[in-house]
There are 2 protein chains.
Amino acid sequence: MGRPPRFTPQQLQATALALLDAHGPAGLTMRALAAELGTGAMTIYNYVADREALELLVVEAVVAQAQWRHAPQAHWRDEVRHIATAMWQAVRAHPHAIGFILTRRSRSPAVFEVAEALLAALARSGRSGQALLVAFRAVWALVAGAAQAELAGPLALQAGESAPRTIERFRALPPDRFAHLIEIAGAALGSDAENEFSQILDLLLAGLAAGGR
Amino acid sequence: MGRPPRFTPQQLQATALALLDAHGPAGLTMRALAAELGTGAMTIYNYVADREALELLVVEAVVAQAQWRHAPQAHWRDEVRHIATAMWQAVRAHPHAIGFILTRRSRSPAVFEVAEALLAALARSGRSGQALLVAFRAVWALVAGAAQAELAGPLALQAGESAPRTIERFRALPPDRFAHLIEIAGAALGSDAENEFSQILDLLLAGLAAGGR
DNA sequence: ACCTGAACACCGTTCAAGT
DNA sequence: ACCTGAACACCGTTCAAGT
């Protein structure tokens, strides 16, 4: 007998993301999601194949939030910057989702769409084929890597750790072996993430401009 | 009564990494590790505080495998390339560990040592303070991001998927919306990872050279 | 100090039965 | 077609008892 679905896929997706945002990866379970929706755990399996599919749904939800405008009249450099920044911001808006975004292979339209937009902008630098691929991979890596560095890099802030405490932690390292690291720890704490990402991107864009048109 | 430990920390670390390499993340459990060592699950807790600590042990094991030589007479560009490549290769040698490396914050000496070596090389470009931090974060992001892209990027090969099958999958996308992605999919499959990483790094190094000395 | 089994509070998922 | 509870095979970890 054709029974109408109790939930929409969008409802599931939004609830899963909300759960993740609120309680972190450990809080996103089939059972917790079901409870949040007011049903039993097994009901979730009417909408996703398994836990992995649920995680992909969340990745899609985050990446889909990346918004950019197509600007064919702008310089390709500005358009690449615009799209890369949009993606970085979307990822950054959901810190608890970053782990999933970094490690789960998503084939969702949202991911393909940012990829295509980036490729189109980069193609305007005069690249095609292997050179275009390399340029794309470089920008993608920088965006993903910037999110990674903030989450888990050597200079990432520990969750709930104060700035003075972080500086102190680095000062406690052997100064003869980690001189630069200790020196830079202060700058890392004073650094504004948005501005820093912009500068990192600038470095790569300068390299891309040198090789392009 | 002072009882001598049955295992060394190195033994635990090596066995954990071997288990991960052989069976993937799902295969690395406290119980499986204990069984592999021929003991009960709870024995592991005499060596690590919890599962998270075990994962950090594995991350450390992988990063510690990065080997580079200090070359103060070489151009800073070559030294940066050398260290970045060493780290990328170490990460790449353990595909099943990449997820942990990307998402777990490690404060192990191994991580601090690559970071310091990279910083020292980059400092020779004439940078210090915020500019040095930005240069470091850019290189780090590129290395981490390259590993990410290979694991989970839009052009990553699906585990066990053949090259023709991958191309077919991209050809099945709407060609009007994903023209560049479809075009580039072929290049992505023919691309040699080592060579591609080198080219990506070149782009960033060109940008770094333009801003440095 | 280190070892370890029993037990607890969770998971994801299979199965079978419902509408 | 979709819903759902019971049950199974796992987890990480606490506790208490051992040497």
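Because the structure is predicted, anything quoted here is derived from the model rather than measured. In what follows, chains carry the letters A, B, and so on, assigned in the order in which the sequence lines appear, proteins first and then strands, with residues in each chain numbered from 1.
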Give the dot-bracket string for DNA chain C, reading 5' to 3', where a pair is Watson-Crick or G-U wobble with both distances under 3.5 Å, ( ) marks pairs inside the strand, [ ] marks pairs crossing earlier ones, | marks a partner on another strand, and . marks unpaired.
-> ||.|||||...|||||.||
Expressed in angstrom and rounded to an integer, what is the separation of [X] atom [atom1] from [N] atom [atom2]?
X	N	atom1	atom2	result
A:Arg6	D:dC2	CZ	P	14 Å
A:Asn46	D:dC2	CG	C1'	5 Å
B:Leu37	C:dC2	CG	C1'	15 Å

Residue pairs fulfilling ring pair (Phe, Tyr, Trp, His ring centres under 6.0 Å) with at least one residue in residues 50-70 of chain B, sequence neighbours excluded = none
If the C1' atom of D:dA7 is compared with that of C:dC11, how far apart are they to the nearest Å?
-> 14 Å
Please identify each residue that fulfils side-chain hydrogen bond (donor to acceptor under 3.5 Å, both in side chains) with B:Thr166, with sequence neighbours left out.
-> B:Glu161
Under a 4.0 Å heavy-atom cut-off, which of residues 8-21 of chain B touch DNA chain D?
-> none
Write out all pairs satisfying salt bridge (charged side-chain N to carboxylate O under 4.0 Å, His left out) with one or both partners inside residues 63-72 of chain A, taking only residues at least two apart or from two chains.
-> none
Residues two or more places apart in sequence or in another chain: which of them pass ring-ring contact (aromatic ring centres under 6.0 Å, His included) with A:Phe170?
-> B:Phe112
Which pairs, with at least one residue in residues 86-98 of chain A and sequence neighbours excluded, count as a side-chain hydrogen bond (donor to acceptor under 3.5 Å, both in side chains)?
-> A:Asp21-A:His94, A:Gln65-A:His94, A:Gln89-A:Glu194, A:Arg92-A:Glu150
Which side-chain N or O atoms in residues 141-149 of chain A pair as donor and acceptor under 3.5 Å with protein atoms at least two apart or in another chain?
| from | atom 1 | to | atom 2 | distance (Å) |
| --- | --- | --- | --- | --- |
| A:Gln148 | NE2 | B:Leu102 | O | 3.1 |

Salt bridge (Lys or Arg N to Asp or Glu O under 4.0 Å) against A:Arg171, all qualifying residues, sequence neighbours excluded | none
Sugar-phosphate means primed atoms, P, OP1 and OP2; the rest is base. With that split, encode nucleotides 10-16 of chain D 5' to 3' as B, S or - using protein heavy atoms under 4.0 Å.
-> -BBBBB-
Atom pairs and distances, side-chain donor-acceptor, residues 22-35 of chain B, under 3.5 Å, sequence neighbours left out:
| from | atom 1 | to | atom 2 | distance (Å) |
| --- | --- | --- | --- | --- |
| B:Thr29 | OG1 | B:Ala32 | N | 2.9 |

Using only side-chain N and O atoms of B:Thr39, determine if any of them is under 4.0 Å from OP1 or OP2 of C:dT4.
-> yes
Would you please confirm or rule out a distance under 4.0 Å between OP1 or OP2 of D:dT4 and any side-chain N or O of A:Thr43?
-> yes
For A:Arg177 and B:Glu116, run side chain to side chain contact (heavy atoms under 4.5 Å, CB included): C-alpha distance rounded to whole Å, both residues' side-chain angles, the deciding distance at 0.1 Å, then the answer.
-> CA-CA 8 Å; A:Arg177 280 172 62 204; B:Glu116 176 67 21; over 6 Å; no
Examine distances only and state if a side-chain atom of B:Arg127 and a backbone atom of B:Leu208 form a donor-acceptor pair shorter than 3.5 Å.
-> yes
Which donor-acceptor pairs under 3.5 Å do side chains of residues 55-64 of chain A form with protein atoms, sequence neighbours excluded?
| from | atom 1 | to | atom 2 | distance (Å) |
| --- | --- | --- | --- | --- |
| A:Glu55 | OE1 | A:Arg104 | NE | 2.7 |
| A:Glu55 | OE1 | A:Arg104 | NH2 | 3.0 |
| A:Glu55 | OE2 | A:Arg51 | NH1 | 3.4 |
| A:Glu60 | OE1 | A:Gln13 | NE2 | 3.1 |

